[in-house]
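Just follow the structure's listing: the first ligand is 1, and inside any ligand the first atom is 1.
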Amino acid sequence: MNPEEFNTKEEVTWCPGCGNHSIFMALKQALVNLNIAPDQVIIAYGIGCHGHEVNYLRTNGFEGLHGRPVPVAEGIKLANNELNVIAVSGDGDAYGEGLSHMINAARGNHNVTYLVHDNRVYGLTTGQTSPTSAKGTKSKSTPEGAIDEPINPMAMAIAAGATFVARTFAGNIQLTTELIMQAIKHNGFALLDILQPCVSFNKVNNFQWYMEHTYKLENHNPADKVAALQKALEMEKLPLGVLYKEEKPSYEEQVSELSEGPLTKKSLEVDKEKIMEEFL
Ligand SMILES: Cc1ncc(C[n+]2csc(CCOP(=O)(O)OP(=O)(O)O)c2C)c(N)n1
Ligand code: SF4
C-alpha cells in the first residue's frame with residue numbers, strides 16, 4: 001500500500017499550516033511501513049480538530065465523547081485483541097476531560113497506542129487555554145492570563161506506570177513517523193505526545209518556537225526510570241524521542257479469557273443448563 005490509499009474522499013478542512021496535516025501524513029506512513037492494512041487497525045478519536053481525522057483516514061474509526069477515546073480503545077482491544085488499537089486525542093481532550101482515563105490505562109498497561117495532538121489550546125472551540133497552556137497564557141477563557149501551571153504529561157504518564165512514553169514535534173515528520181511506529185509496535189500502553197502548532201489560535205508556540213525549544217534525545221537510556229523522569233522535567237528545551245520504555249505483560253495478556261483468542265471469534269452459543277447449575 002501507499003499512504004494515499006489511506007485517504008477517504010472527504011475534503012480535509014484543517015487550517016493551512018496546521019500541525020494536524022503532518023501528523024496525518026506521519027500516521028499514514030507509519031501504517032504503510034508496518035504493513036498494517038486499513039481493516040487491521042481501529043482508531044478511537046476524541047472531540048476536537050484532531051478528531052476530524054476520523055473523516056479523512058480510511059481505517060476503522062470511532063469518534064466518541066470529549067476526553068473518552070482511551071476507554072473506547074480499551075474496550076475494543078478487549079473485544080478483539082488481534083486489532084491494532086490506537087486512540088487519538090488533543091491536549092484538552094487527553095489531559096483535561098480525559099486525564100483519569102490515561103492514568104488508569106497506564107497503570108493497567110492496556111495495549112493501546114495513545115497519540116496526543118498537543119497544540120496547547122482547545123483548538124476546535126477557538127483557542128481557550130488547555131492543561132498544557134503556559135502559565136500566563138491570554139485567551140478568551142483567560143483574558144488576564146492563565147493562573148494554573150501547565151500539566152507535565154510525560155512525567156505524569158511515567159509516574160502512572162506507562163511502559164512507553166515519548167514526545168515528538170509534528171514539524172519533524174520523519175521522527176514522528178518513526179515514533180508512531182515504535183508506539184504501535186510496543187506491547188502495552190504507549191503515550192506519544194505530539195507537539196503541534198495551531199496556527200489560528202496559538203500565536204506563541206509556532207513552528208519556529210518549537211524549533212528553538214526542542215532537541216532530539218541522544219545518549220539517553222529509556223530503561224532508566226529516574227533518568228526518564230529527569231528528562232520529563234526539563235522545561236527550557238523539550239527533549240524529543242523515547243523518554244521511557246519498559247517491557248511488561250500487557251493488560252490483555254493477563255486476561256485469561258483472551259488466551260484462547262479474541263472474544264469476537266468466540267461462539268455466542270451458551271450452555272444454559274450448565275449456567276443454571278451454578279444457581280442450584
Ligand atoms: C464534556 C465536553 N466539554 C466541552 C466540549 C466542547 N468542546 C468540543 S471540542 C473542544 C476542544 C477540543 O480541544 P482539544 O482536545 O485540545 O483538541 P483540538 O481541537 O485542539 O484538536 C471542546 C471544549 C464537549 N464537546 N464536551
Ligand atoms: S484551529 Fe488550530 S488545531 Fe484546529 S485546524 Fe486550525 S490550526 Fe489546526
Show the atoms of ligand 1 that are less than 4.0 angstrom away from any heavy atom in [X].
{"X": "Gly123", "value": "13 (O), 18 (P), 19 (O), 20 (O)"}
{"X": "Cys49", "value": "18 (P), 19 (O), 21 (O)"}
{"X": "Leu124", "value": "9 (S), 19 (O)"}
{"X": "Asn119", "value": "20 (O)"}

Would you mind checking which non-hydrogen protein atom is closest to [atom], with the distance to 0.1 Å?
{"atom": "atom 8 (C) of ligand 1", "answer": "Ile47 CG2, 3.7 Å"}
{"atom": "atom 4 (Fe) of ligand 2", "answer": "Cys49 SG, 2.4 Å"}
{"atom": "atom 13 (O) of ligand 1", "answer": "Tyr122 CD2, 3.2 Å"}
{"atom": "atom 8 (Fe) of ligand 2", "answer": "Cys18 SG, 2.3 Å"}
{"atom": "atom 2 (Fe) of ligand 2", "answer": "Cys198 SG, 2.3 Å"}
{"atom": "atom 16 (O) of ligand 1", "answer": "Gly92 N, 3.0 Å"}
{"atom": "atom 6 (C) of ligand 1", "answer": "Thr125 CG2, 4.1 Å"}
{"atom": "atom 26 (N) of ligand 1", "answer": "His66 CB, 3.4 Å"}
{"atom": "atom 15 (O) of ligand 1", "answer": "Asp93 N, 2.7 Å"}
{"atom": "atom 6 (Fe) of ligand 2", "answer": "Cys15 SG, 2.3 Å"}

Answer yes or no: does atom [atom1] of [X] have more than 12 heavy-atom neighbours from other residues, nucleotides or ligands under 6.0 Å?
{"X": "Leu268", "atom1": "CG", "value": "no"}
{"X": "Ile275", "atom1": "CD1", "value": "yes"}
{"X": "Glu212", "atom1": "CD", "value": "yes"}

Verify whether one side chain among [X] and [Y] offers a donor that lies under 3.5 Å from an acceptor in the other.
{"X": "Tyr95", "Y": "Ser130", "answer": "no"}
{"X": "Glu74", "Y": "Asn104", "answer": "no"}
{"X": "Gln174", "Y": "Glu178", "answer": "no"}
{"X": "Asp91", "Y": "Thr132", "answer": "yes"}
{"X": "Ser256", "Y": "Ser259", "answer": "no"}

Using heavy atoms and a threshold below 4.0 Å, how should the contact between Leu65 and ligand 1 be classified: side chain, backbone, both, or neither?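 Looking at Leu65 and ligand 1, no heavy atom falls under 4.0 Å.
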
Under 4.0 Å from ligand 1, counting heavy atoms only, is it the side chain of His50, its backbone, both or neither?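 Both of them.
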
After noting the C-alpha distance and the side-chain angles of Val255 and Asn81, does the key distance pass the side-chain contact (heavy atoms from CB on, under 4.5 Å) rule? CA-CA 11 Å; Val255 175; Asn81 56 331; over 6 Å; no

Residue that, paired with Tyr56, satisfies ring pair (Phe, Tyr, Trp, His ring centres under 6.0 Å) out of Trp14, Phe6, Tyr45: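 Single ring pair (Phe, Tyr, Trp, His ring centres under 6.0 Å) partner of Tyr56 among Trp14, Phe6, Tyr45: Trp14.
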
Heavy-atom pairs closer than 4.0 Å: do any link ligand 2 to the side chain of His117, the backbone, both, or neither?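 His117 to ligand 2: no contact under 4.0 Å from either part.
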
For ligand 2, does Asn119 get within less than 4.0 Å through its side chain, its backbone, both, or neither, judged by non-hydrogen atoms?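 The part of Asn119 near ligand 2 is the side chain, not the backbone.
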
Do Glu257 and Lys266 meet the salt-bridge criterion of a basic N to acidic O distance under 4.0 Å?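 No, this pair does not count.
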
Specify the closest pair of heavy atoms between His220 and Val242, including all atoms of both residues, with the distance to one decimal.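 Looking at all heavy atoms of both residues, the closest pair is CD2-O, 3.5 Å.
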
Please confirm whether Gln196 comes under 4.0 Å of ligand 2, counting heavy atoms of the residue only.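 Yes.
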
Considering only heavy atoms of [X], which atoms of ligand 2 have at least one such atom less than 4.0 Å away?
{"X": "Trp14", "value": "5 (S)"}
{"X": "Val199", "value": "7 (S)"}
{"X": "Phe201", "value": "1 (S)"}

Before giving the answer on salt bridge (Lys or Arg N to Asp or Glu O under 4.0 Å), spell out for Glu234 and Lys231 the whole-Å C-alpha distance, their side-chain angles and the decisive distance to 0.1 Å. CA-CA 5 Å; Glu234 288 182 12; Lys231 286 289 164 198; 3.1 Å; yes

